[in-house]
Amino acid sequence: MTSKIKELSEAIVCKGISVRTTNNAEISHDTAKLGRLWQKFYQNHVEHLSEGEDIYGVFHNYESDDLVGAFDVVASWKVKSEPVEGQDSDEDSNEDSNVLSAENILSAAHSSDVVTVAIPAGRYLVFSEEGHMPNTVMNAWEKAWEYFHDSNCEHTRTYNVDFEHYIGGNLEYGQVDLYIGIE
């Protein structure tokens, strides 16, 4: 496991499906919602994505910074990047390489449960893991929790937006980068 600070210069806009849950709810199989969210995403949306397209798990709308506070999780794909106001983007605004294909937009439009979420530009502490999912992503979260609960922790979480970035879109085996928003 490695961690590093990364500055996102552009917001990332994603579309996907969402649930609201708590850390306490996720402890029990009977009340856990995230496994079912990812199963539904895999069954209903992954087939419409380009092979190797990155996938995002976006955590936002945090109620609090403890185990009982609720938060939203969006299993999603990237729609586009948006430059931070006042900064120039290296990408041509007419270029659609970061935009869903017409087929994917059509697919998303037919799904009434699809939501849009923005990952804001800013500072993130990134925890990277590679291996079999979901254990790999759970290990990344465990490392993040250990780090931020350590009395010698050098960073403060914002509890604004955190996200999992599944490199190459592999939800079975691969690399996941866990981005935790920091001040």
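The first residue in the sequence is number 1, and the count goes up from there.
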Which residues pass the ring pair (Phe, Tyr, Trp, His ring centres under 6.0 Å) test with [X], not counting sequence neighbours?
X: Phe41; value: Trp38, His45
X: His60; value: none
X: His149; value: none
X: Tyr159; value: Tyr62

If you measure only the distance, is there a donor-acceptor pair under 3.5 Å linking the side chains of Glu130 and Thr136? no

Between the side chains of Thr116 and Lys15, does any donor sit under 3.5 Å from an acceptor? yes

Applied to residues 8-28, the ring pair (Phe, Tyr, Trp, His ring centres under 6.0 Å) test, sequence neighbours excluded, yields none

Restricting to side-chain contact (heavy atoms from CB on, under 4.5 Å), what partner residues turn up for [X], sequence neighbours left out?
X: Ser64; answer: Asp66
X: Glu146; answer: Glu142, Lys143
X: Ala70; answer: Arg20, Thr22, Glu63

Kindly state each residue pair satisfying side chain to side chain donor-acceptor pair (under 3.5 Å) with at least one member in residues 27-37, sequence neighbours excluded. none

By salt bridge (Lys or Arg N to Asp or Glu O under 4.0 Å) - contacts of Lys40 (at least two apart): Asp113

Can you run down the salt bridge (Lys or Arg N to Asp or Glu O under 4.0 Å) pairs that involve residues 170-183, sequence neighbours left out, and say none if there aren't any? none

Any salt bridge (Lys or Arg N to Asp or Glu O under 4.0 Å) pairs touching residues 147-164, not counting sequence neighbours? Arg157-Asp162

Nearest 0.5 Å please: distance from the CZ atom of Arg123 over to the OG1 atom of Thr156. 10.0 Å

Glu53 side-chain N/O to Trp77 backbone N/O, donor-acceptor pair under 3.5 Å: no

